[in-house]
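These numbers come from a predicted model, not from an experiment.
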Amino acid sequence: MLTRGQRILQKIAASLAVVTAQVAVAWLVFVGSALLFFWMATEVFVEQEKDLDQAAFALAGDITTPETTSFMYFVTFFGSKNFLIYGSLGLALLFLLFQRWRFYSLKVVAISATTTLFNQTMKWLFNRPRPETAFLEQSGNSFPSGHAMIGGAFWGLLVYLIWTNVRQKWLRWLLSGLLVCWILLIGFSRVYLNVHYASDVLAGWGAGLFWLMIALFLLKRLQQRAGPNVKQQVEQNVGE
């Protein structure tokens, strides 16, 4: 029979184990995403490697049908500039309707805006032209993919919010898994439609996750430095 003190120690140990596991996963994602981006940048601009991009285009060509193309046009919209602008604002407004989630509206707007700025800056720096075989005309440079980077950060933020707020374990895993598949599908739609190389998409995912991790960390530190009641203060000001 465990004493009360032993039960408390067990709960503390279990909580520490969860926190330690979360920190380890966060570091793994952070380092892995950075390595993925730099690997793709090296392959494209230093090694001049094209095998990956050619293989991805060949795979997309093998499964090309009118029905699949229509579906990919539908999917790619959810990583587009128009969707992400209104989607981010709409999600922020939705969070404002619920008092306990109002602070999340700041995270959505801040992460979406900074990721967009980061992506456009890198496109300008790397200055890689888009594929000439694109199914539709797209403006701007190719590396890294904005759909993969900005969309990955937006949908990745939803994964984070679900993982940290949904209590039912099975539902948390289900929703997170579906969103991860959705992120992958949006990225693949860019390769299928020939508006991005596969290396653009992989670099976009890497840069998007990398910046998402940094932004979440900075926002959390900002909240802590502002004081323990910053969340309540923000909610009160927004509600006035």
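The two residues I111 and A153 come nearest to each other via the heavy atoms CG2-CB, 4.4 Å. Closest approach of F57 to P131, counting heavy atoms only: CZ-CG, 3.9 Å. A pairwise comparison of heavy atoms in G187 and V201 identifies O-CG2, 3.5 Å as the closest pair. When all heavy atoms of P129 and Y197 are compared, the pair lying nearest together is O-CE1, 3.8 Å. Heavy-atom minimum distance, G156 versus L212: C-CD2, 3.7 Å. In terms of heavy atoms, N119 sits closest to P144 at ND2-O, 3.3 Å.
By the 4.0 Å N-to-carboxylate-O rule, D53 lies too far from R130 to be salt-bridged with it.
In this structure, L89 is not a member of the same hydrophobic cluster as L106, with clusters built from ILVMFWY side-chain heavy atoms closer than 4.5 Å. There is a path of hydrophobic side-chain contacts, each under 4.5 Å, that joins V195 to L184. Linking Ile, Leu, Val, Met, Phe, Trp and Tyr residues whenever their side-chain heavy atoms come within less than 4.5 Å places L178 and W155 in a single cluster. One hydrophobic cluster, built from ILVMFWY side chains closer than 4.5 Å, holds both I186 and L179. Cluster membership for V180 and V75, using ILVMFWY side-chain heavy atoms within less than 4.5 angstrom, is shared.
Residue pairs satisfying the salt bridge (charged side-chain N to carboxylate O under 4.0 Å, His left out) criterion with at least one member in residues 160-172, sequence neighbours excluded, are absent.
Taking the side-chain contact (heavy atoms from CB on, under 4.5 Å) definition, one finds that L94 meets it with L91, L97, F98, sequence neighbours left out. For E132, there are no side-chain contact (heavy atoms from CB on, under 4.5 Å) partners two or more places apart in sequence or in a different chain. T69 meets the side-chain contact (heavy atoms from CB on, under 4.5 Å) test with T64, Y73, F135, Y192, L193; sequence neighbours excluded.
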Which side-chain N or O atoms in residues 36-52 pair as donor and acceptor under 3.5 Å with protein atoms at least two apart or in another chain?
| residue | atom | partner | partner atom | Å |
| --- | --- | --- | --- | --- |
| T42 | OG1 | F38 | O | 2.8 |
| Q48 | NE2 | F45 | O | 3.3 |
| E49 | OE2 | D51 | N | 3.0 |

Please report, to 0.1 Å, the donor-acceptor pairs under 3.5 Å made by any side chain of residues 76-88, with sequence neighbours excluded.
| residue | atom | partner | partner atom | Å |
| --- | --- | --- | --- | --- |
| T76 | OG1 | S189 | OG | 3.2 |
| T76 | OG1 | R190 | NH1 | 2.7 |
| S80 | OG | F77 | O | 2.5 |
| S80 | OG | F83 | N | 3.4 |
| S88 | OG | L84 | O | 2.6 |
| S88 | OG | S112 | OG | 2.9 |

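Here the CG-CD1 distance, from L175 to I162, works out to 4.5 Å after rounding to the nearest 0.5 Å. Between the OH atom in Y160 and the CE atom in M213 there is a gap of 9.0 Å [rounded to 0.5 Å]. In this structure, F154 CZ and T116 OG1 are separated by 11.0 Å, a value rounded to the nearest 0.5 Å. Rounded to the nearest 0.5 Å, atoms CH2 (W211) and CE (M122) are 10.5 Å apart.
Within the 4.5 Å cutoff, the side chain of M149 has heavy atoms near those of the F118 side chain. Side-chain contact check for Q120 versus W124: every heavy-atom pair is 4.5 Å or farther apart. Between L216 and L157 the shortest side-chain heavy-atom distance falls below 4.5 Å.
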**Request:** Just do the side-chain contact (heavy atoms from CB on, under 4.5 Å) check on F71 and L185 with the steps written out, would you?
**Result:** CA-CA 11 Å; F71 177 65; L185 188 58; 3.9 Å; yes
**Request:** Might you work through the side-chain contact (heavy atoms from CB on, under 4.5 Å) test for F188 and M72, ending with a clear yes or no?
**Result:** CA-CA 9 Å; F188 178 72; M72 289 300 171; 3.5 Å; yes
**Message:** For a ring-ring contact (aromatic ring centres under 6.0 Å, His included) check, start with the C-alpha distance between F217 and F30, then their side-chain angles and the critical distance, and finish with the verdict.
**Reply:** CA-CA 11 Å; F217 173 77; F30 179 75; 8.9 Å; no
**Request:** Starting from the C-alpha separation in whole Å, work towards a yes-or-no answer on side-chain hydrogen bond (donor to acceptor under 3.5 Å, both in side chains) for S33 and W205.
**Result:** CA-CA 7 Å; S33 60; W205 283 333; over 6 Å; no
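Between the D200 side chain and the H196 main chain, no donor and acceptor come within less than 3.5 Å of each other. A donor-acceptor pair under 3.5 Å is formed between the side chain of N141 and the backbone N or O of K123.
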